[in-house]
2 protein chains.
Amino acid sequence: MSTGVNLKELAAELKLSPSTVSRALNDSYEISEATKKKVISMAEKLNYQPNPFARSLRENKSKTIAVVIPERMSSFFSKVVDGIEEITQQHGYHLLVYSTHEDVDREKKIVNLLMNGRADAIIMSVSSQTSDISHLTRLHERGFPLVFFDRICTDIPTTKFITNDYESGFEGTKHLIQQGCRKIAFLMLSKELSITKDRYRGYLDALKQAGLSPEPQLNITCCQEEEQNVEAIRQMLMSPDRPDGILSSVEKLALATYHAIKRTDLKIPDDLKIISFFSNLSIASLLHPSLTTITQPAFSIGEECAKLLMKKLTKPRQPDLPNQIITIPSKITIRSSTIAV
Amino acid sequence: MSTGVNLKELAAELKLSPSTVSRALNDSYEISEATKKKVISMAEKLNYQPNPFARSLRENKSKTIAVVIPERMSSFFSKVVDGIEEITQQHGYHLLVYSTHEDVDREKKIVNLLMNGRADAIIMSVSSQTSDISHLTRLHERGFPLVFFDRICTDIPTTKFITNDYESGFEGTKHLIQQGCRKIAFLMLSKELSITKDRYRGYLDALKQAGLSPEPQLNITCCQEEEQNVEAIRQMLMSPDRPDGILSSVEKLALATYHAIKRTDLKIPDDLKIISFFSNLSIASLLHPSLTTITQPAFSIGEECAKLLMKKLTKPRQPDLPNQIITIPSKITIRSSTIAV
DNA sequence: TTAAAATACGGAAACGTTTGCACACATTAT
DNA sequence: ATAATGTGTGCAAACGTTTCCGTATTTTAA
C-alpha cells in the first residue's frame with residue numbers, strides 16, 4: 001500500500017512550510033486567500049489525503065462512532081444502523097459496527113476494546129443476557145459518550161431512545177382482548193431486558209383492566225436455538241389450557257409461532273390470534289395469514305441517536321449527554337392474524 | 001473523555017524507560033522475564049490501554065477492515081458480515097461497515113474516503129448501479145488489498161469469492177422445466193452485475209437444452225421502489241403471454257412476486273412456479289406456499305474473505321492477493337412453490 | 001514620522017507509540 | 001589477562017498532523 005503524498009511533501013512542492021499548508025487546508029483566518037487557493041489546487045492535483053491517524057493522535061478524536069447491536073440479521077437493527085449512518089456520514093464520521101450475538105461476554109470484550117479511544121462514542125442496544133452492567137457503568141463514568149436505544153440500561157445516567165413500549169404492550173393486548181381472546185400468552189427475549197419489562201407491564205395492565213389474570217405457563221422466554229423456540233411454543237399450543245392469543249415482543253418468536261402452528265391443526269386467527277413487535281413490514285403482510293404488527297420507527301431511532309451525538313461531538317463546548325429517556329411512538333398495523341372470526 | 005494512563009506514565013511508575021515497557025508489553029526477546037512480569041502486572045493494575053492511533057501512525061496499519069455492501073437489510077449480506085466478523089475478531093481486527101444503498105455515487109465516495117489508510121483492506125460487493133469501476137481500479141492499482149464477494153468486478157485482478165451462479169441458474173431453470181414450466185421469466189437486479197450475467201447464462205442454457213427460447217418480455221429488472229417492482233411483476237402476470245415459471249435472482253423480487261400474485265387470481269404453484277436465490281431460510285419456509293430456494297453459503301463466504309485477508313495482513317511478507325475466483329457452491333432446497341400439480 | 005496593530009507565514013513542540021542504535025555490565029572464549 | 005560475545009536497558013528518532021509561539025513585513029493610528 002503506497003501511501004500517497006503527505007503534508008510535508010505537499011509543502012515542499014509549494015515552497016511553503018507544513019504549518020502554513022495545514023492552516024490553508026483547514027481554512028484558517030491567518031492565511032491569505034491567494035495562498036489558500038494555491039494550496040488547495042496543489043493538494044487536489046497531488047491528491048493529498050490527510051492521514052487520519054496522525055490527525056486523531058493530535059486532536060484526540062477519531063471521527064468514528066461504534067455501534068453495538070445484539071444481532072445483524074434483524075430488520076430492526078439493520079434499519080437503526082442505516083439511520084445512524086445517514087446522519088453520521090453527513091458529518092464525515094465512520095461507523096464501527098459490532099454484533100454481540102446476544103452474548104454478554106462478547107459484549108464485555110467489545111466494550112472493553114472500545115475504551116482505548118478508537119471510537120468517540122458508542123451507540124448500543126444491550127444483549128438479552130446483559131444483567132451485570134459494570135462494563136458499561138465503567139465506560140460511562142470515564143466520561144465516554146454513550147447512548148442507548150431500545151434495549152437500554154436504565155441505571156446509567158445518559159440519554160436513551162426507546163419506543164412507547166408500555167403503551168404498545170397495553171394496546172396490543174387490548175386489541176387481542178377486543179378480538180375475543182381470553183387466554184393471552186406473552187413471548188419474550190429475556191426477563192432482564194428493559195423492553196421486556198415495559199411491554200410486559202402493558203400486557204399485565206391490559207389483562208387486569210379486562211378482568212383477566214395472567215397465567216405463568218403462558219410466558220415463554222426465547223433461547224438462541226430457533227428449533228427449541230418452535231418446540232416450546234408448539235408444546236404450549238398443544239397443552240389443554242392453550243392460549244387463544246399471543247403477544248410476541250420479539251420478531252423471531254412471531255416467526256417461531258408461525259412455524260409451530262404449522263405443526264398443529266390449529267389455525268390463525270380462528271384458534272389463535274397473534275400480534276407481534278415486527279419491523280419487516282414486507283414480510284409481515286406476506287405471512288399467511290398476514291401478521292398484525294407493532295412497528296418501531298427503527299430508522300428514526302437511529303437518526304435521533306446520531307443527531308444527538310453529532311451535536312455533542314461536533315459543536316465546541318457541549319454538556320454531557322443528559323440523563324433522559326426519549327420516546328418515539330411505534331405504530332400498530334392490524335392485519336389478518338388478529339381478525340375475529 | 002479522560003484518556004487513561006499512557007506508556008510514559010506507566011514507565012515512570014515502574015522506573016523504567018518507555019522503550020523497555022513497550023518491548024516488555026510486546027513480549028520482545030530483549031527483555032528479561034522478571035521485568036516483563038512486573039510491567040505486565042503494573043499495566044493491568046493501571047489499566048493501561050495503548051493508544052490505537054499512535055500505534056497505527058507508527059506502524060502504518062490500522063487493524064481495521066472496511067466492509068462495503070449494497071444494503072444492510074438483507075439476510076445474505078448480514079450473514080456475510082457476521083462471517084467476516086467471526087474471523088477478524090479473532091485477530092483483533094475491527095470492522096468499518098458501509099452501505100452504498102445500491103448507489104454508485106455513494107460507493108465512490110466511500111471508496112475514496114478509504115484511500116487514506118483508515119482501513120487496511122476492503123471487502124466489498126458492488127452496487128447494482130456500478131458499471132464504471134475506475135474508483136476501484138485506482139484503489140487496486142495503489143496496492144490497496146481488495147477482495148470482492150458475490151457481486152464482483154471481473155476486470156480487477158484480485159481474489160473474488162462467488163457461488164456457482166451459472167450452475168445455480170441452470171439447475172434452477174432446469175428444475176422449473178422438469179416441473180412443467182414452458183415460459184420462464186427471469187428477474188434480476190441489473191444487467192451489469194456479475195451475478196446477473198452468470199445466472200442468466202445458466203438460465204439461457206437450460207432453456208436452450210430444453211428447446212425453449214427466451215422471451216424478452218419475460219425479463220424484469222429491479223428498481224429501488226418496492227411498489228414499482230410489484231406492479232411490474234403484476235403487469236407481466238396479467239399479460240396474455242404470462243410466464244408459468246419464475247427464476248428470481250434476487251431475494252427482494254421473489255417477495256415482490258408473492259406480493260404481486262396476491263393482487264391476481266393466480267395461484268402458486270398451480271399457475272406459476274417460482275424459485276429464487278434466497279438467504280432467509282426461516283422466511284422461505286413460512287411463505288405461502290413455501291418457497292423453493294437457492295441458498296448461498298453467506299456466512300462461509302464472509303469467513304473465507306476474512307481468512308484470506310487475515311493471512312495477507314498478519315503474516316510477515318505475503319504476496320499480493322492472487323487474481324482468482326473462488327467458488328463456493330449454493331444449495332437448492334425444493335419446497336412447495338415449484339411442486340408440479 | 002513613529003509607534004502600534006494587523007497580516008501572513010515559519011519553526012518547533014506535541015500527541016503516544018515503536019524501534020534502531022548505543023551502552024553498561026556480565027559471561028564466556030582465547 | 002584480554003577480547004569477544006551476550007544480555008538487559010535507555011536515548012532519541014520517526015510516523016503525519018495541528019497549533020503555540022515568534023517574527024518579518026505591511027498597514028493603521030497618533
Subject >> Ion pair check, A:Lys307 and A:Glu304, cut-off under 4.0 Å >> reply: yes
Subject >> Ion pair check, A:Lys8 and A:Glu13, cut-off under 4.0 Å >> reply: no
Between [X] ([atom1]) and [N] ([atom2]), how many Å, whole number?
| X | N | atom1 | atom2 | answer |
| --- | --- | --- | --- | --- |
| A:Asn60 | C:dT17 | CG | C1' | 14 Å |
| A:Phe53 | C:dA14 | CZ | C1' | 19 Å |
| A:Glu59 | C:dA13 | CD | C1' | 16 Å |
| B:Gln49 | C:dT17 | CD | P | 10 Å |
| B:Asn51 | D:dG16 | CG | P | 16 Å |
| B:Leu10 | C:dT18 | CG | P | 11 Å |
| A:Lys15 | C:dC9 | NZ | P | 16 Å |
| B:Leu7 | C:dT18 | CG | P | 7 Å |

OP1 or OP2 of [N] under 4.0 Å from side-chain N/O of [X]:
| X | N | value |
| --- | --- | --- |
| A:Arg55 | D:dT18 | yes |
| A:Thr20 | C:dG10 | yes |
| A:Thr35 | C:dC9 | yes |
| A:Asn6 | D:dG16 | yes |
| B:Tyr29 | D:dG6 | no |
| A:Asn26 | D:dT18 | yes |

Subject >> Non-hydrogen atoms of A:Lys160 and A:Cys153 that approach each other most closely >> reply: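 Shortest heavy-atom separation between A:Lys160 and A:Cys153 comes out as CE-O, 3.3 Å.
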Between [options], which nucleotide has the shortest distance from any of its atoms to the side chain of [X]?
| X | options | result |
| --- | --- | --- |
| A:Ile31 | D:dT17, C:dC9, C:dT17 | C:dC9 |
| A:Arg58 | C:dA8, C:dC15, D:dT18 | D:dT18 |
| B:Ser17 | D:dC11, C:dT17, C:dG10 | D:dC11 |
| B:Glu30 | C:dT17, C:dA14, D:dT9 | D:dT9 |
| B:Leu16 | D:dT9, D:dT18, D:dC15 | D:dT9 |
| A:Ser22 | D:dT19, D:dC11, C:dC9 | D:dT19 |
| A:Arg23 | C:dT17, C:dC15, D:dC21 | D:dC21 |

Original post:
Of B:Lys36 and B:Ala54, whose nearest nucleotide on DNA chain D comes first from the 5' end?
Top reply: B:Lys36
Original post:
For the side chain of B:Ser19 and the base of D:dC11, is some donor closer than 3.5 Å to an acceptor across the two?
Top reply: yes
Original post:
Do B:Ser74 side-chain atoms and B:Glu71 backbone N/O form a donor-acceptor pair below 3.5 Å?
Top reply: no
Original post:
Can any side-chain N or O of A:Thr88 pair as donor or acceptor with the backbone N or O of A:Ile84 at less than 3.5 Å?
Top reply: yes
Original post:
Hey, which of B:Glu102, B:Glu107, B:Lys108 is the one that makes side-chain hydrogen bond (donor to acceptor under 3.5 Å, both in side chains) with B:Thr130?
Top reply: B:Glu107
